Amino acid sequence: MDYVYGPGRNHLFVPGPVNIPEQVLRAMNRNNEDYRSPAVPALTKTLLEDVKKIFKTSSGTPFLFPTTGTGAWESALTNTLSPGDRIVSFLIGQFSLLWIDQQQRLNFKVDVIESEWGEGAKLDVLAAKLAADTDHTIKAVCIVHNETATGVTNDLSLVRRILDEYRHPALFLVDGVSSICALDFRMDDWGVDVALTGSQKALSLPTGIGIVCASPRALEASKTAKSLRVFFDWKDYLKFYNLGTYWPYTPSIQLLYGLRAALDLVFEEGLENVIARHKRLGQATRLAVEAWGLKNCTQKEEWHSDTVTAVVVPPYIDSAEIVRRAWKRYNLSLGLGLNKVAGKVFRIGHLGNLNELQLLGCLAGVEMILKDVGYPVKLGSGVAAASSYLQNNIPLIPSRI
Ligand SMILES: Cc1ncc(COP(=O)(O)O)c(C=O)c1O
């Protein structure tokens, strides 16, 4: 048996993959189709147009790769850079660490700017590096918008301001895997050159689509970038865009219809309402953590993430035990602490197609687990803090007004 049954729905609160809404599941429940028929290019055209809206770009060119966030990273790097290129990258947690590892293995010279886990990117160090780089040897600045391992969100508008201040031409490459379509993200306003995300995060789809969006400058860079690339080459897609058939290889029909349904749900709610809902979910979770007397891994308010909260446990508790118990006893899935913060934090993912009452169920579960593992929590304290905030802040459901 490959599925271990638990009654009711699994409370899936890992920060991706997230719950898939019924509408999306139904939309994907269909047969394969000939992707060379006129129907699939027509569908793809709408997807490419609409995906741009969640990146907030009108000038960007989107690509839908059959891949994950990791593949999207590789596509962003190899299409815009050449081996030996100097890049600046921020190490603030497990996902930025993995991206840096990929950058190094692709033979870029990486200036790593490291922060304590729980802190945001050190932008003052970036400013100093750009100021000193009068010959423009830095070809790209790479940053993870929302570090999913620690619940830290970086201020991208500030990165753009620093690049502009020094009139530095470095490309601005952004991992928006756990931010795009949940947090405020503005590709054009912030002059992002390549932005990327994965389908299993805020879009609430199965894993399997890596969405990459390239600015005109990034497309231009791709014409001379010498990094080896085949499967992730933008050129192949552009050729098929021009032919009006869109796909250089066989797309997953089911995922395309799923993406259509997922985007429809986002637009029905309204992207700004989606972002506001994530703000409420983030704030409610933080209030619960505070009421439990526990600390947020994120060191400062300015970095608080509205898609994931990493909760620090007291030293006498193993956070992995919390995650184990959550699943074994309460049919609740929480995120493990990764790498440097393994055993020290557990993570509550609050992103995607999720409402406030679902979150309260998760918070109630966490309280019981904390008590199970010997932490002196008052049952109901976090739920009360979260629900009194939510009761004052939840608007009417936009489509039911
Ligand atoms: C911020 C961030 N970037 C990249 C990745 C890697 O994505 P994937 O696991 O889809 O390859 C993740 C995965 O959780 C992530 O959270």
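Here the structure is a predicted model, which is why all the values come from computation and not from measurement. We count ligands from 1, going down the list as the structure has it; atoms in each ligand are counted the same way.
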Please report the shortest heavy-atom distance between S199 and P206, naming the atom on each side.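 For S199 versus P206, the nearest heavy atoms are OG-O, 2.7 Å.
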
Check: H136 main-chain N/O paired with K139 side-chain donor or acceptor under 3.5 Å: yes

Would the distance check show the side chain of N296 and the main-chain N or O of T298 forming a donor-acceptor pair, the cut-off being under 3.5 Å? yes

Between ligand 1 and the protein, which N/O pairs are shorter than 3.5 Å?
unit_1	atom_1	unit_2	atom_2	d
ligand 1	3 (N)	D175	OD2	2.6
ligand 1	10 (O)	G69	N	2.9
ligand 1	10 (O)	Q200	NE2	2.8
ligand 1	11 (O)	T68	OG1	2.6
ligand 1	11 (O)	G69	N	3.3
ligand 1	11 (O)	T70	N	2.8
ligand 1	11 (O)	T70	OG1	2.5
ligand 1	14 (O)	K201	NZ	2.7
ligand 1	16 (O)	T148	OG1	2.5

Test ring-ring contact (aromatic ring centres under 6.0 Å, His included) applied to H278 - qualifying residues, sequence neighbours left out: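 ring-ring contact (aromatic ring centres under 6.0 Å, His included) list for H278, sorted by chain: empty.
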
Partner residues of E321 under the salt bridge (Lys or Arg N to Asp or Glu O under 4.0 Å) criterion, sequence neighbours left out: R324, R325

Pairs in or reaching into residues 95-132: which pass ring-ring contact (aromatic ring centres under 6.0 Å, His included), with residues at least two apart or in two chains?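 Pairs touching residues 95-132 that pass the test: W73-W99.
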
